[in-house]
Amino acid sequence: MKKILITGAMGQLGSELTTILREQYGVDNVIGTDIRRPDEDSPLLAGPFEILNVLDAQNMADIVKKEKVDTIIHLAALLSATAEANPQLAWNINMGGLVNALEVARENNTQFFTPSSIGAFGPSTPKVATPQDTIQRPTTIYGVTKVSGELLCDYYFQKFGLDTRGVRFPGLIGYVTPPGGGTTDYAVDIYYDALKKGSYESYIDKGTFMDMMYMPDALDAIIQLMEADPSKLIHRNAFNISAMSFDPEMIAGEIRKHIKDFKMTYKVDPVRQGIADNWPDSIDYSAAIEEWGFKTRYNLETMTIDMLEKLRVKLSITDR
Ligand code: SER
């Protein structure tokens, strides 16, 4: 990775990835793009930034050629709950954007990364220690686009020799940019509400386990995989990865260690609960460890300490 283009740079993952890649690869070597321009005080504007609609293949190709990009990190996509509310739009953006990005990558022979998700699994997938290679028959449009994306990326590798790599991200938890429209977002919202209100009303029911990961580990994972020796990669699109698996009661209990009177109530959203019920409880990520040395630094306990510390500063909260 020497000259990197990121789509969806204003998103939860993209905003932090752009900054960390600029630190590691040089400010001018990481071009952030998104469908609109960030606020003038956004850190994204500390380096090159272009407005790019991923459905505009010509514009994408022009930027990649002009900037002599050698790596495309394609993040622009709708998350699971938003996708379910508008399946046609989700197919158009998630698949249309991916097809354009892969074609531009092929024409310019770039390295390519795009994330898959635990959403690529479905009700017939083994729920516990979900294997790397297993049944993938998701019942959400988000999952359908993720499995199709995995297959398409593998196809571009096999057919055209394009260096495509990907991970199946679990729920990502961070304090910089909030997620939007995902099923796992509750595990971010809970920290904000714990500090602001001392309570949280969860739309995911107790006893619902999902894989999660703290953002610094997710960013490291992308860099680790993209820098990995290609001869070691047996799988490519996409690797199971995770750092922890918990249900709402467990994260609430962890928060209560720091905010003693924190209260948790439940008002289950049938749509997002239905999505979560069809995802794994915990996935097996031994292939990622074996093939490219995947490792994480944070568990539920250490993530909670760091999230609360960082959010107290961000939200200027001193009384909790
Ligand atoms: N975090 C995503 C979502 O909830 C899963 O990839 O949609």
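Bear in mind the structure is a predicted one, so any value in this text is a computation, not a measurement. For ligands, and for the atoms within them, numbers begin at 1 and follow the listed sequence.
- What you find for Phe121 and Trp279 is that their closest heavy atoms are O-CD1, 4.0 Å.
- No donor-acceptor contact under 3.5 angstrom links the side chains of Gln88 and Asn92, judged on distance only.
- Taking the six-membered ring where tryptophan is involved, the planes of Tyr214 and Tyr298 are perpendicular, since the angle between them exceeds 60° and thus also 30°.
- Heavy atoms of Trp279 found under 4.0 angstrom from ligand 1 belong exclusively to the side chain.
- For ligand 1, one of its N or O atoms has an N or O atom of Tyr142 under 3.5 Å away.
- Annotation for ligand 1: atoms under 4.0 Å from non-hydrogen atoms of Thr183 are 3 (C), 4 (O), 7 (O).
- Here is the list of ligand 1 atoms found below 4.0 Å of a heavy atom in Ser80: 3 (C), 4 (O), 7 (O).
- Of the polar atoms of Ser117, at least one N or O is found under 3.5 Å from an N or O of ligand 1, judged by distance alone.
- Under the 6.0 Å cut-off for aromatic ring centres, Tyr285 and Phe294 qualify, their centroids lying closer than that.
- The side-chain hydrogen bond (donor to acceptor under 3.5 Å, both in side chains) check on Tyr156 picks up Glu103, with sequence neighbours excluded.
- The protein atom (non-hydrogen) at minimum distance from atom 1 (N) of ligand 1 is Thr184 OG1, 2.8 Å.
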